[in-house]
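The structure appears right after this line, and notes come after that.
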Protein chains: 2
Amino acid sequence: MIKNITGKIDFAESLRGKKATFLLALSNTKTINIKGITQAGISGMIHLTPTLDSEFLCIGEVRCIKDIAKTPKGVPTPALMTRGVHLLHSFGDIEILDLGLEIKPELDYFKIYDFDIKPSDSIDKGANINALDLFEKGVEFGKNYECKNDYIILAESVPSGTTTAYATTKALGYDCDGKFSSSFKNKPNSIKEKTIKKALENIKNKEDLFDKIGSVSDNMLIFNAGIILGSTYKQTKIILAGGTQMASVLLLANSIVNYMGGSLDSKNIALCTTSWVANDENSDIKGLLEMLDFDINSYYTDFDFSSSNHPALKLYDDGEAKEGVGAGGALMYGFLNGLTKEQIIKKAEELLG
Amino acid sequence: MIKNITGKIDFAESLRGKKATFLLALSNTKTINIKGITQAGISGMIHLTPTLDSEFLCIGEVRCIKDIAKTPKGVPTPALMTRGVHLLHSFGDIEILDLGLEIKPELDYFKIYDFDIKPSDSIDKGANINALDLFEKGVEFGKNYECKNDYIILAESVPSGTTTAYATTKALGYDCDGKFSSSFKNKPNSIKEKTIKKALENIKNKEDLFDKIGSVSDNMLIFNAGIILGSTYKQTKIILAGGTQMASVLLLANSIVNYMGGSLDSKNIALCTTSWVANDENSDIKGLLEMLDFDINSYYTDFDFSSSNHPALKLYDDGEAKEGVGAGGALMYGFLNGLTKEQIIKKAEELLG
């Protein structure tokens with residue numbers, strides 16, 4: 001049920017039956033305002049998607065608006081799977097990282113870490129991120145975070161995050177064209193590529209790595225790269241729960257380590273995504289991970305909605321949405337705790353009503 | 001579902017819902033090279049059985065060879081049941097004790113304790129074990145081991161281990177003829193008894209208890225007897241998960257305690273085996289346990305494959321294989337955590353494919 005993309009199954013199996021802390025990293029980038037660049041949310045309210053995702057995951061309801069985030073075609077947020085797993089076999093804790101949200105989630109009793117980070121600007125005009133400062137905040141967090149459970153699942157919700165991930169990875173000099181996923185089934189490549197082209201033009205005279213990524217990236221990527229590096233001091237096991245965006249986090253960490261002349265001990269880090277990303281013909285997460293200078297254990301969960309009759313869920317199998325809110329990592333957590341595909345499908349159907 | 005062999009049900013019931021550390025003690029004895037003495041594995045590769053069992057239990061795949069250990073008639077390893085329970089309701093941790101393996105398991109992320117122990121020689125020529133040293137290593141381990149869960153399930157995989165257990169117990173002077181089990185349905189008694197006769201002839205002039213068992217025993221028996229004694233200092237609860245071999249561990253601990261003029265506080269120790277051992281007409285585990293000078297709670301699990309149609313699994317009900325890799329203790333753990341017989345059978349069938 002859990003399959004390798006790279007590496008071996010041992011890391012995942014060593015977490016069987018263990019409890020995870022689910023950390024959800026949220027941020028907004030004004031890149032979403034470029035017309036047609038993302039469908040990760042409700043038209044006109046896409047900036048609310050991370051806020052809604054976190055509310056739905058934690059408490060099973062949303063407070064800003066009525067419906068949970070849906071794409072224009074009616075694909076519900078992947079948080080459905082994450083919440084479904086949490087209802088069937090709970091995470092040890094869910095905590096929120098506010099990495100620059102326009103609207104904060106309305107959640108009592110759930111820990112929301114506030115790092116005093118502003119939403120980033122649109123990358124076609126320069127994201128305007130103090131990348132070094134943000135990265136250092138991530139490192140500090142990773143260094144000092146006391147995991148109350150056996151390991152961490154680090155997930156994200158960042159609308160238009162595949163665009164910023166693609167731009168970041170390209171700015172770092174990786175050969176990544178055609179390797180990035182999209183929440184669209186039919187990727188709006190012209191808009192995305194035009195945006196990335198503009199973003200890269202903005203940095204053509206920049207030399208410093210942090211200057212460059214501060215212009216083309218998003219807060220989640222930079223902060224999480226910091227967590228990755230910081231966490232190696234603590235030997236905490238971390239599953240990056242996400243698709244090509246999380247691969248980009250790793251590539252960014254890789255570049256920063258190389259830039260600083262160091263090396264990264266990756267033995268306690270892994271990535272897990274969904275089958276929709278792993279088997280996507282329009283992207284190549286394996287290709288991204290193979291560009292890392294360190295070894296990485298990476299996985300996907302053999303999960304789909306083929307046995308469901310719910311039309312909104314079937315859209316996942318058609319290639320819409322694919323990943324987000326740690327769906328792949330949550331499914332792995334469910335499987336490692338004895339849940340079956342059928343149980344999770346049934347729960348997702350129940351949640352949709 | 002859990003029935004007593006000796007003692008009362010209270011010890012088992014006090015562990016209901018609790019998490020166990022599964023410790024798998026592995027060793028090789030060259031006794032396996034005596035033709036026809038064991039069927040615990042694949043012909044010509046029986047020395048690999050403990051290695052394969054541990055790989056399969058931990059990660060669900062084997063790395064040395066393709067198929068999991070099977071007896072010549074195609075009975076798969078009892079690790080199927082142990083792995084099945086682990087998939088349905090995980091052990092808190094699985095850790096490996098390398099007590100003299102020819103080939104080490106290829107496992108990342110799983111703790112493998114290395115005590116610098118060599119495989120023992122064939123008992124018909126003298127096992128050549130430094131028994132006092134090995135016993136003391138076991139005591140030290142038992143004294144110092146920090147159980148991260150509520151109790152320990154201590155299991156074994158030692159091909160031809162019932163032969164060495166029988167020889168050990170007989171060498172200690174217990175009246176144990178006819179009381180030892182075998183992985184064969186029709187026990188190859190003539191070969192086994194000839195081997196044991198030879199082994200005992202080798203020690204007829206020896207006086208020292210450790211000298212004697214160093215010649216006729218195997219590493220697992222001696223080390224585990226040490227764990228039993230060492231663990232009494234820590235009051236850790238231990239379930240010996242096995243059949244007549246684990247009864248022999250207890251008899252050995254009993255003899256050593258008597259030899260040293262001490263006594264053993266057995267209130268935190270119990271044994272659990274399968275129904276195939278407990279109800280075996282060709283052996284007598286109850287008779288073995290009743291020779292102990294201390295009281296012992298012992299159990300078997302009321303589990304069989306009568307409702308399965310899988311021919312390989314039906315062979316268990318016919319009396320092949322019977323026990324190993326802690327199957328009986330794992331089934332008890334499953335029952336104590338709400339699993340049903342049907343769930344476990346279904347999972348074993350799935351694992352066989």
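All chains are named by letter (A, B, ...) in the order of the sequence lines, taking the proteins before the strands, and each is independently numbered beginning at 1.
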Tell me, side chain or backbone of B:Glu106 under 4.5 Å from chain A's heavy atoms, or both, or neither? backbone
May I ask you to check whether over 12 heavy atoms, not counting those of B:Asp116, lie within 6.0 Å of atom CG? no
For B:Arg83, the salt bridge (charged side-chain N to carboxylate O under 4.0 Å, His left out) test, sequence neighbours excluded, returns A:Glu13
I'd like to check the side chain to side chain contact (heavy atoms under 4.5 Å, CB included) partners of A:Asp150; sequence neighbours left out, ordered by chain and number. A:Lys18, A:Lys19
Is any side-chain heavy atom of A:Lys8 closer than 4.5 Å to a side-chain heavy atom of B:Arg63? yes
Assess whether atom CG of A:Asp295 is packed by more than 12 heavy atoms of other residues, nucleotides or ligands within 6.0 Å. no
B:Lys314 atom NZ, over 12 foreign heavy atoms within 6.0 Å: yes
Spacing of CZ belonging to A:Arg16 relative to CD1 belonging to B:Ile59, to within rounding of 0.5 Å: 11.5 Å
Between OH of B:Tyr109 and CD1 of A:Ile9, what distance do you get to the nearest 0.5 Å? 12.0 Å
Contact class of A:Leu15 relative to chain B, heavy atoms under 4.5 angstrom: neither
Residue B:Asn144 excluded, over 12 heavy atoms near CG under 6.0 Å: yes
Kindly compute the distance separating OG (B:Ser90) from CG (A:Leu336), expressed to the nearest 0.5 Å. 7.5 Å
Chain B contacts: which residues in residues 228-244 of chain A have a non-hydrogen atom closer than 4.5 Å to it? A:Lys237
With sequence neighbours left out, write down each residue that passes side chain to side chain contact (heavy atoms under 4.5 Å, CB included) with B:Ala79, or none if nothing qualifies. B:Asp53, B:Phe56, B:Thr77, B:Val325
